[in-house]
Amino acid sequence: MDLLRISLVQFDIIWENPLANRLKIQQLLAPYEGKTDLILLPEVFSTGFSMNAKSLAESMEGETVSWMKIQAKKCGSALAGSLIIRENGQFFNRFLFITPEGEIQYYDKRHLFSMGEENKYFSSGYNRLIVNYLGWRIALFICYDLRFPVWCRSIKDADLMLFTANWPTSRNIVWDTLLKARAIENQLYVAGVNRTGIDGAGIDYSGESMLIDPRGATLYNLRGKSDNISTSSISLSDLNSFRAKFPVFRDIDSFEITL
């Protein structure tokens, strides 16, 4: 599939209220049924960036995962975003990628935000994930991962990176710069979706969800704090043509990641 229609969903997450957030997202998605291929939601979209993991966590058989499967089927598109998952007595900030057929793949956040004490309440993931979907190789990352280029580095194994985030307004310039850097250095598309509003901890978020092309150009940026969705098509043939004309990967370094 050459063209992939990707939709970024930016909204003010209602603090620690999964039901209200599911209903809000459902209303936002209704006009896009059958009109997109991939929908990306913010980090911990059902609760906000709360450290109250013990009371907010759900299982993989819980209401929010079941809801995601229903919405993916209803929209006829993959649905991706992170939420708090409980598994084997541990809590994970888990990025789920669910296809319209109900297939689930997931990535557990590797880099926990210690300055927000996320590492005290959540367990870190250890495995990168590349999802193969509609002929695209899609790498999944969560928020703070964006600051770690070695972890995000594509070894000629990805065409699109997805970053789901709760990224504060005070660090918008970092968000903008690093999303573009990941696109340029890896010669791929990057989509980053962020929340808006003020969370229960008093932290302000201004969205700035964006889609970046392999040259570092911004294809669109969702400015403003209103709930919003933007959809655009990206081209695999254009990507491969650019890589062939400017083959940076020919000179790539080899390395191993040790955890």
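These figures come from a predicted structure and were not determined experimentally.
- Counting only distance, with no hydrogens or angles, the side chain of Asp238 and the backbone of Ser235 share no donor-acceptor pair below 3.5 Å.
- Nearest approach of Ser123 to Gln90, heavy atoms of both residues: OG-NE2, 3.1 Å.
- Judged by distance alone, with hydrogens and angles left aside, the side-chain atoms of Asn21 form no donor-acceptor pair with the main-chain N or O of Ile13 at under 3.5 Å.
- Distance alone, capped at 3.5 Å, is enough to place a donor-acceptor pair between the Thr164 side chain and the Leu41 backbone.
- Trp167 and Trp175 have tilted rings, their planes meeting at an angle from 30° to 60° on a 0 to 90° scale.
- In this structure, the side chain of Arg94 does not engage the main chain of Lys109 through any donor-acceptor pair within 3.5 Å.
- Of the possible polar contacts, none joining the Ser46 side chain to the Leu83 backbone as a donor-acceptor pair under 3.5 Å is found.
- No side-chain donor from either of Tyr107 and Asn127 sits under 3.5 Å from a side-chain acceptor of the other.
- Using bins of under 30°, 30° to 60° and over 60° for the plane-to-plane angle, the ring pair Phe141/Phe163 lands in the parallel bin.
- Rounded to the nearest 0.5 Å, atoms OG1 (Thr47) and CH2 (Trp15) are 7.5 Å apart.
- The backbone N or O of Asn52 sits less than 3.5 Å from a side-chain atom of Ser50, completing a donor-acceptor pair.
- Between atom CD1 of residue Ile155 and atom CZ of residue Arg128 there is a gap of 7.0 Å, rounded to the nearest 0.5 Å.
- In this structure, Arg215 satisfies the cation-pi test against Phe242, with its NZ or CZ atom closer than 6.0 Å to the six-membered ring centre and inside 45 degrees of the ring normal.
- Considering only heavy atoms from C-beta on, Leu146 comes within 4.5 Å of Leu179 through its side chain.
- Here Tyr133 and Phe97 bring their ring centres to under 6.0 angstrom of each other.
- Of the possible donor and acceptor atoms, none in the side chain of Asn194 sits under 3.5 Å from a partner among the backbone N and O of Ser209.
- A salt bridge is defined here as a Lys NZ or Arg NE, NH1 or NH2 lying under 4.0 Å from an Asp or Glu carboxylate O, and Arg137 with Asp159 meets this definition.
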